[in-house]
Amino acid sequence: MEPLDRDKLPTHLAIIMDGNGRWAQQRMLKRIVGHQRGAETVKMVVEQAHLLGIKYLTLFAFSSENWSRPPIEVRALMTLLKKYIRQETARMMRKNIRYNVIGNRGDLPDDVNRALDDAIVETAGNTGMVLTLALSYGGRQEISQAAARLARDVASGKLSAGDVTVDAFGTYLDTGGLPDPDFLIRTSGEMRISNFLLWQLAYTELYFTEINWPDFTINELRKALADFQARERRFGRTSDQIIKRNDPLNA
Ligand code: FPP
């Protein structure tokens, strides 16, 4: 097992779970079988993130662009999501995990929305990890919708244009209230952000692995986290400044 320093874990871990389709196709299986296996990996990652004490886990489960997939795959993914949410809520309660959703919920089928509403209400009082599912989510859509809401508030006098700071804008995003991700993992060898959390990833450490999502194991997760722990996060400062800040004699 990859050793980890519990004091240096990301507060917020975000994941682009890619490669379900290719995993299935390489095995002459239907793509949905890859998604089903991917849902098992989701269970493992949620469990591990909870055990490690990670406070926020955000998973890209369905993008705004995924609606253009064949209808049969979209339907199967929606059914899988509903089943996962219904089946896992009891476990979320035992582990004190709270569900959260970002994205355009209005696009989702009613039965999926009902399952989400039930899960969100049931887990609302949980104080452990926040598990955010990005569903029908697109970063550009989120930013433009936030800008439209903000413009309405300026027009109505609730806010003045001079009050529009980075922090103020952030509160209009779907992720208002969540810290920005510290670490992003993308599986399957693709090196893109694919319209995920465009605003929030400004200073996020990025990690890409060739492993397809259904093959992503506990040790692959620990390997990724160990890689994060070896990085120096400078946020625009110099390396010397960071070393001095971390040195108690210079504090
Ligand atoms: C990307 O793989 C994955 C998705 C579009 C869906 C992700 C869904 C799951 C992991 C399962 C259900 C989710 C939850 C939260 C229970 P892809 O199909 O784009 O793979 P490919 O690039 O190889 O075709």
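Basis for what follows: all heavy atoms, side chains included, without hydrogens, waters or symmetry-related copies. When a ligand or atom number is given, it counts from 1 through the structure's own listing order.
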May I ask whether F62 places a heavy atom under 4.0 Å from ligand 1?
-> no
Just distances here: any N/O of Y84 and N/O of ligand 1 closer than 3.5 Å?
-> no
Please report which non-hydrogen protein atom sits nearest to atom 9 (C) of ligand 1, along with the residue it belongs to and the distance in Å to one decimal place.
-> N20 ND2, 3.6 Å
Give the numbers and elements of all ligand 1 atoms closer than 4.0 Å to a heavy atom of W213.
-> 10 (C)
Full working for side-chain hydrogen bond (donor to acceptor under 3.5 Å, both in side chains) between W213 and S188 = CA-CA 7 Å; W213 181 247; S188 91; over 6 Å; no
List the closest protein heavy-atom neighbour of atom 11 (C) of ligand 1: residue, atom name, distance to the nearest 0.1 Å.
-> H35 O, 3.6 Å
Do you know the tightest heavy-atom contact between T58 and H12?
-> OG1-NE2, 2.7 Å
L51 atom CG, neighbour heavy-atom count above 12 within 6.0 Å = yes
Given L81, V45, I32, L77, which one has a non-hydrogen atom that is nearest to atom 13 (C) of ligand 1?
-> L81
Does any N/O atom on D18 come nearer than 3.5 Å to any N/O atom on ligand 1?
-> yes
Is the side chain of R37 donor-acceptor paired with the backbone N or O of P214 at a distance under 3.5 Å, no angle test?
-> no
Does Q25 come within less than 4.0 angstrom of ligand 1, counting non-hydrogen atoms of the residue?
-> no
Protein heavy atom at shortest distance from atom 1 (C) of ligand 1 | M17 O, 3.2 Å
Are the side chain of D180 and the backbone of T204 linked by a donor-acceptor contact shorter than 3.5 Å?
-> no
Are any of the side-chain heavy atoms of D153 and Y172 separated by less than 4.5 Å?
-> yes
Is K95 paired with E47 through a side-chain N to carboxylate O contact shorter than 4.0 Å?
-> yes
Donor-acceptor contact below 3.5 Å, side chain N126 vs main chain I97 | yes
Is L59 in polar range of ligand 1, meaning some N or O pair under 3.5 Å apart?
-> no
Backbone or side-chain N or O of R22 under 3.5 Å from ligand 1 N or O | yes
What residue and atom, counting heavy atoms only, is the protein's closest point to atom 20 (O) of ligand 1, and at what distance?
-> G21 N, 3.0 Å
Might you work through the salt bridge (charged side-chain N to carboxylate O under 4.0 Å, His left out) test for D117 and R105, ending with a clear yes or no?
-> CA-CA 10 Å; D117 281 337; R105 285 195 55 189; 2.9 Å; yes
Do any heavy atoms of R31 fall under 4.0 Å from ligand 1?
-> yes
May I ask you to decide if G106's main-chain N or O and N104's side chain share a donor-acceptor pair within less than 3.5 Å?
-> no
Can you tell me which residue and heavy atom of the protein come closest to atom 6 (C) of ligand 1, and the distance to 0.1 Å?
-> A61 O, 3.3 Å
Decide yes or no for Y56 and T132: does some side-chain heavy atom of the first lie under 4.5 Å from some side-chain heavy atom of the second?
-> no
Between R69 and ligand 1, which part of the residue brings a heavy atom under 4.0 Å of the ligand: side chain, backbone, both or neither?
-> side chain
Heavy-atom nearest neighbour in the protein, as seen from atom 12 (C) of ligand 1, with distance rounded to 0.1 Å | L80 CD2, 4.0 Å
Before signing off on this row, confirm whether W23 and ligand 1 have an N or O atom pair separated by under 3.5 Å.
-> no
Under 4.0 Å between heavy atoms, the region of N66 that gets near ligand 1 turns out to be side chain
